[in-house]
Amino acid sequence: MSAGVVWQIIVAASALGAVALWLTLWWLIPPRRRFGGIWRWLLVTAAVLFFVLPAPVPNYSGAQAPAFVVMIFETFFQRSGQPEDGMRRLLGGGVVLVILATLWLTLRRHAARDEESSAR
């Protein structure tokens with residue numbers, strides 16, 4: 001099986017899992033609750049990011065695999081494993097996700113304040 005087909009399967013399975021997670025959270029926790037809205041989307045996006053973020057496979061030039069798989073395999077199954085690149089990519093992706101969520105919340109709050117002040 002070629003790498004392109006494998007990545008298509010990974011992306012499709014991640015998308016299906018994201019929809020299932022979002023629907024489950026939507027059913028369990030209504031949107032107007034404290035965990036609703038942006039937090040639900042943040043959790044679903046973090047799950048998708050966790051599964052589709054690629055990292056190079058050590059000792060296989062040009063090969064890519066999901067970063068969490070590389071990290072787990074290199075940490076637990078290789079005596080001289082190098083999980084740092086997978087960990088670094090997951091951490092970097094998480095930081096970028098948190099920054100984007102914070103920016104989104106900040107912009108929404110400013111837009112709500114502007115809308116509120118123009119209504120008065």
Side-chain angles (χ1 to χ4, degrees):
M1 198 179 292
S2 73
V5 173
V6 171
W7 276 105
Q8 289 175 357
I9 292 170
I10 291 170
V11 169
S14 297
L16 183 64
V19 170
L21 179 62
W22 190 87
L23 289 172
T24 301
L25 291 174
W26 181 75
W27 182 69
L28 290 174
I29 305 165
R32 296 292 178 204
R33 295 273 175 101
R34 182 176 181 92
F35 188 74
I38 187 71
W39 300 109
R40 182 183 313 119
W41 283 109
L42 182 63
L43 182 62
V44 170
T45 306
V48 170
L49 179 80
F50 182 75
F51 286 107
V52 299
L53 193 66
V57 179
N59 300 327
Y60 290 93
S61 176
Q64 298 273 326
F68 84 96
V69 172
V70 172
M71 182 186 71
I72 290 171
F73 186 77
E74 291 293 317
T75 301
F76 297 113
F77 301 115
Q78 294 288 337
R79 289 183 187 227
S80 61
Q82 302 166 355
E84 293 83 16
D85 194 33
M87 288 179 188
R88 201 174 6 249
R89 288 188 184 229
L90 284 173
L91 182 63
V95 167
V96 167
L97 184 63
V98 168
I99 289 171
L100 289 175
T102 304
L103 181 64
W104 174 255
L105 284 172
T106 304
L107 290 174
R108 283 187 56 200
R109 286 183 181 161
H110 284 295
R113 286 181 189 158
D114 291 343
E115 189 175 289
E116 191 177 285
S117 65
S118 67
R120 291 180 185 182

Distance check, rounded to the nearest 0.5 Å: L91 atom CG versus E84 atom CD? 13.0 Å
Are any non-hydrogen side-chain atoms of W27 and L23 less than 4.5 angstrom apart? no
Check the hydrophobic clustering (I, L, V, M, F, W, Y; side-chain heavy atoms under 4.5 Å; chains of links allowed) and say if V19 and V44 are grouped together. yes
Do F76 and V69 share a hydrophobic cluster, counting only Ile, Leu, Val, Met, Phe, Trp and Tyr and linking them when any side-chain heavy atoms are less than 4.5 Å apart? yes
Working to the nearest 0.5 Å, report the span between CG of L105 and CG of L100. 11.0 Å
In chain order, what residues pass the ring pair (Phe, Tyr, Trp, His ring centres under 6.0 Å) check against F77, with sequence neighbours excluded? F73
Can you list, by chain and residue number, the hydrophobic cluster partners of V98 when the side-chain cut-off is 4.5 Å? none
Between G86 and A67, what is the shortest heavy-atom contact and its length? O-CB, 3.8 Å
Identify all side-chain donor-acceptor contacts of residues 6-17 below 3.5 Å with residues at least two apart in sequence or on another chain.
unit_1	atom_1	unit_2	atom_2	d
S14	OG	I10	O	2.9

What are the two closest non-hydrogen atoms of T75 and P83, and how far apart are they? OG1-CB, 3.2 Å
In this structure, CD of E74 is separated from CE of M87 (nearest 0.5 Å) by 10.0 Å
Rest of the hydrophobic cluster containing V70 (Ile/Leu/Val/Met/Phe/Trp/Tyr, side-chain heavy atoms under 4.5 Å)? V57, Y60
Between CG of L90 and CZ of F68, what distance do you get to the nearest 0.5 Å? 9.0 Å
Heavy atoms of L49 and G94 approach each other most closely as CD2-N, 3.8 Å
What salt bridge (Lys or Arg N to Asp or Glu O under 4.0 Å) pairs are there with at least one residue in residues 50-59, not counting sequence neighbours? none
Hey, would you say the W41 and W104 ring centroids sit under 6.0 Å apart? no
Sorted by chain and residue number, the side chain to side chain contact (heavy atoms under 4.5 Å, CB included) partners of P56 (sequence neighbours excluded) come out as Q64, D85, R89
